[in-house]
Amino acid sequence: MSLKGKAFIVGAYEHPTRHAVDRSLAQLHADVARGALDDAGLSIADVDGFFCAGDVPGWTSQGVGPFSLVEYLGIKPRHIETTESWGSSYIQHVAQAARAIAEDRCKVALITQAGRPRAERLRPDASQLGQAQSACEAPFETPHGAAVTNLYAMCAMRHRYEHGTTAEQLAWIKVAASHHARHNPNAMLRKVVSVEDVLSSPLVAAPLRRLDCCVISDGGGALVLVHPSVARSLKKPLITPIGSGYSIQHLNGGYFDLLASGGVQSGADALAQAGLKPGDIRYASLYDSFTITVLIQLENLGFCPPGKGGAFVADGKLISGEGPLAVNTDGGGLCNNHPGNRGGMTKLIEAVRQLRGEAHPAVQLPDCTLAMAHGTGGLLGSRHGSATVILERI
């Protein structure tokens, strides 16, 4: 089913906090819900569809958390979905909400995301990302000490081995993010950095250094999608999803390509549904948990051939107005925000800003009508899910 025109994004809001010492997780969800609905010109009473993931307070395998949050927010939904695919969840939710609206299961869909790992002094680790002791692979993998940083470092090492990708090329991804973040008053890291700054930062897991890694932040965000009849009553730009894809990549018993993420399939599916080629996309919000994450996604999504990502990102080519593709013009997870260690929602919000012409003037692309948002839930180098959505302003 084509998604174009079936639903429209009319509300988007990113929480300004990056350190929520005075807000509970439930309050953060309420804050972003209110912000997105205010942006849309709607109220909580209008919401009849709710989409969330495992970041809701009180999440359990029985799903009590979503019910509790629905009550806390004061929503009376006709439809609810609680898909949990970590950082890719919210990009997946956009397509799910559009389909639910098209099938008349709801008319006003709210998607929320929030987290406070910085306030709670939490750090992402493998046990949080599918490596729990009860997982199928735990007896075989846990003894070897898999962790977030060393798995991504393994991908970077493999890319260097196969394609000669250098630390300097990876550093340009951070440099581009910092050039964008300096224009974002809410970004955690607003200082512009150089390639030399990245290469001189402390080594974390070879070849990745501290500045190759994303920030850890609190906060969150929300989106509101509505039926076309509702959208026509609101004075908002008409932004609709026109293509989506989702794919799970796992280790296949050891027979897998370390540099091929689920984005190979999810990106191809989204582009095919939209009837587009990668070169048609002028702006991309790409998951950037590490610099290598961006480089692999650029190749997997078709923006450049496999092995050519290093040259594609070097010399500032990802900076808005400098190269063929602007990436993460809010500063991304590398500099701006990575709330709850889940970056998918903020990728969507900046894509909406670009399509509305509401990004900072220094990074706003002129007449931006197409944007891609792509997220990874789980771990590159291990099992993960990839979600891609293409948005159009019509």
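The residues of the chain are indexed from 1 along the displayed sequence. No experiment lies behind these values; they were computed from the predicted model shown.
For the 3.5 Å distance criterion, the side chains of Ser229 and His227 qualify, holding a donor opposite an acceptor. Side chain to side chain, His179 and Glu322 fail the donor-acceptor criterion of an N or O pair below 3.5 Å. Side-chain contact check for Thr346 and Asn337: no donor-acceptor pair (N or O, by modelled atom type) lies under 3.5 Å.
Taking both residues in full, the closest heavy atoms of Leu151 and Leu380 are given as CB-O, 3.9 Å, listed atom of the first, atom of the second, then distance. Heavy-atom minimum distance, Ala222 versus Val32: CB-O, 3.3 Å. Scanning both residues, Ala53 and Glu84, for their nearest heavy atoms gives CB-OE1, 3.6 Å. Shortest non-hydrogen contact noted between Gly5 and Thr240 is N-OG1, 3.0 Å. The shortest non-hydrogen separation linking Arg118 to Ile216 is CD-O, 3.6 Å.
Taking 4.5 Å as the limit, some side-chain heavy atom of Thr149 sits within range of a side-chain heavy atom of Phe290. The shortest side-chain heavy-atom distance between Cys335 and Arg190 does not fall under the 4.5 Å cut-off. Between His374 and Ser266 the shortest side-chain heavy-atom distance falls below 4.5 Å. Within the 4.5 Å cutoff, no side-chain heavy atoms of Ser247 are placed close to those of Asp269. A 4.5 Å side-chain heavy-atom check between Asp288 and Thr293 finds every atom pair outside the cut-off. Looking at Asp48 and His79, their side chains never come closer than 4.5 Å, going by heavy atoms from C-beta outward. Within the 4.5 Å cutoff, the side chain of Leu3 has no heavy atoms near those of the Ile242 side chain. Inter-residue side-chain proximity for Thr376 and Trp86 is flagged as unmet; no heavy-atom pair is nearer than 4.5 Å.
Screening residues 270-284 for side-chain hydrogen bond (donor to acceptor under 3.5 Å, both in side chains), with sequence neighbours left out, gives Tyr283-Ser285. Counting only residues at least two apart or on different chains, the side-chain hydrogen bond (donor to acceptor under 3.5 Å, both in side chains) pairs with a member in residues 201-213 are Asp212-Thr291. Applying the salt bridge (charged side-chain N to carboxylate O under 4.0 Å, His left out) test to pairs two or more places apart or on separate chains, those with a residue in residues 229-248 are Asp39-Lys236.
With salt bridges taken as basic N to acidic carboxylate O contacts below 4.0 Å, one links Arg393 and Asp367. Ion pairing of Glu81 with Arg99 is absent here, as no side-chain N (NZ or NE/NH1/NH2) approaches a carboxylate O to less than 4.0 Å.
Side chain of His338 to main chain of Ser289: no donor-acceptor pair is present (N/O by atom type, distance under 3.5 Å, no hydrogens or angles). Side-chain N or O atoms of Asn300 include one that pairs as donor or acceptor with a backbone N or O of Ser261 at under 3.5 Å. Using a distance-only test at 3.5 Å, with no hydrogens or angles considered, no donor-acceptor pair links the side chain of His159 to the main chain of Leu259. Looking at Tyr13, its side chain never comes within 3.5 Å of a backbone N or O of Leu37 through a donor-acceptor pair. Remark: the backbone N or O of Ser85 is paired with a side-chain donor or acceptor of Ser88 at under 3.5 angstrom. Although no hydrogens or angles enter the test, the distance criterion places no donor-acceptor pair under 3.5 Å between the side chain of Lys347 and the main chain of Gly344. A distance-only check finds no donor-acceptor pair linking the side chain of His180 to the backbone of Gly331 [under 3.5 Å]. Using modelled atom types, one side-chain atom of Arg116 and one backbone atom of Arg23 make a donor-acceptor pair closer than 3.5 Å. The closest donor-acceptor contact from the side chain of Asn184 to the backbone of Ala181 lies at 3.5 Å or more, if one exists at all.
Just one residue in the list His183, Gln364, Arg353, Glu350 forms a side chain to side chain donor-acceptor pair (under 3.5 Å) with Thr329, and that residue is Glu350. Residue Thr83 forms a side chain to side chain donor-acceptor pair (under 3.5 Å) with just one option from His93, Gln96, Gln92, and that option is Gln96.
By the side chain to side chain donor-acceptor pair (under 3.5 Å) test, Arg182 pairs with no residue at all, sequence neighbours left out. Looking at residues two or more places apart in sequence or on another chain, you find a salt bridge (Lys or Arg N to Asp or Glu O under 4.0 Å) between Arg18 and Glu14.
Tracing side-chain contacts under 4.5 Å through hydrophobic residues (I, L, V, M, F, W, Y), one reaches Tyr72 starting from Phe50; they form part of the same cluster. Linking ILVMFWY side-chain heavy atoms closer than 4.5 Å, directly or via other members, places Ile44 and Val70 in a single hydrophobic cluster. One hydrophobic cluster, built from ILVMFWY side chains closer than 4.5 Å, holds both Leu258 and Tyr152. Both Leu298 and Leu276 belong to a common hydrophobic cluster when Ile, Leu, Val, Met, Phe, Trp and Tyr are linked at side-chain heavy-atom distances under 4.5 angstrom. There is no path of hydrophobic side-chain contacts, each under 4.5 Å, that joins Val193 to Val327.
With a 4.5 Å cut-off between side-chain heavy atoms of Ile, Leu, Val, Met, Phe, Trp and Tyr, the cluster of Val389 takes in Ile9, Phe51, Tyr90, Ile91, Val94, Ile101, Ile111, Leu223, Leu225, Ile239, Met345, Leu348, Ile349, Val352, Leu355, Leu391.
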- Might you work through the side-chain hydrogen bond (donor to acceptor under 3.5 Å, both in side chains) test for Thr112 and His29, ending with a clear yes or no? CA-CA 6 Å; Thr112 68; His29 276 276; 3.0 Å; yes

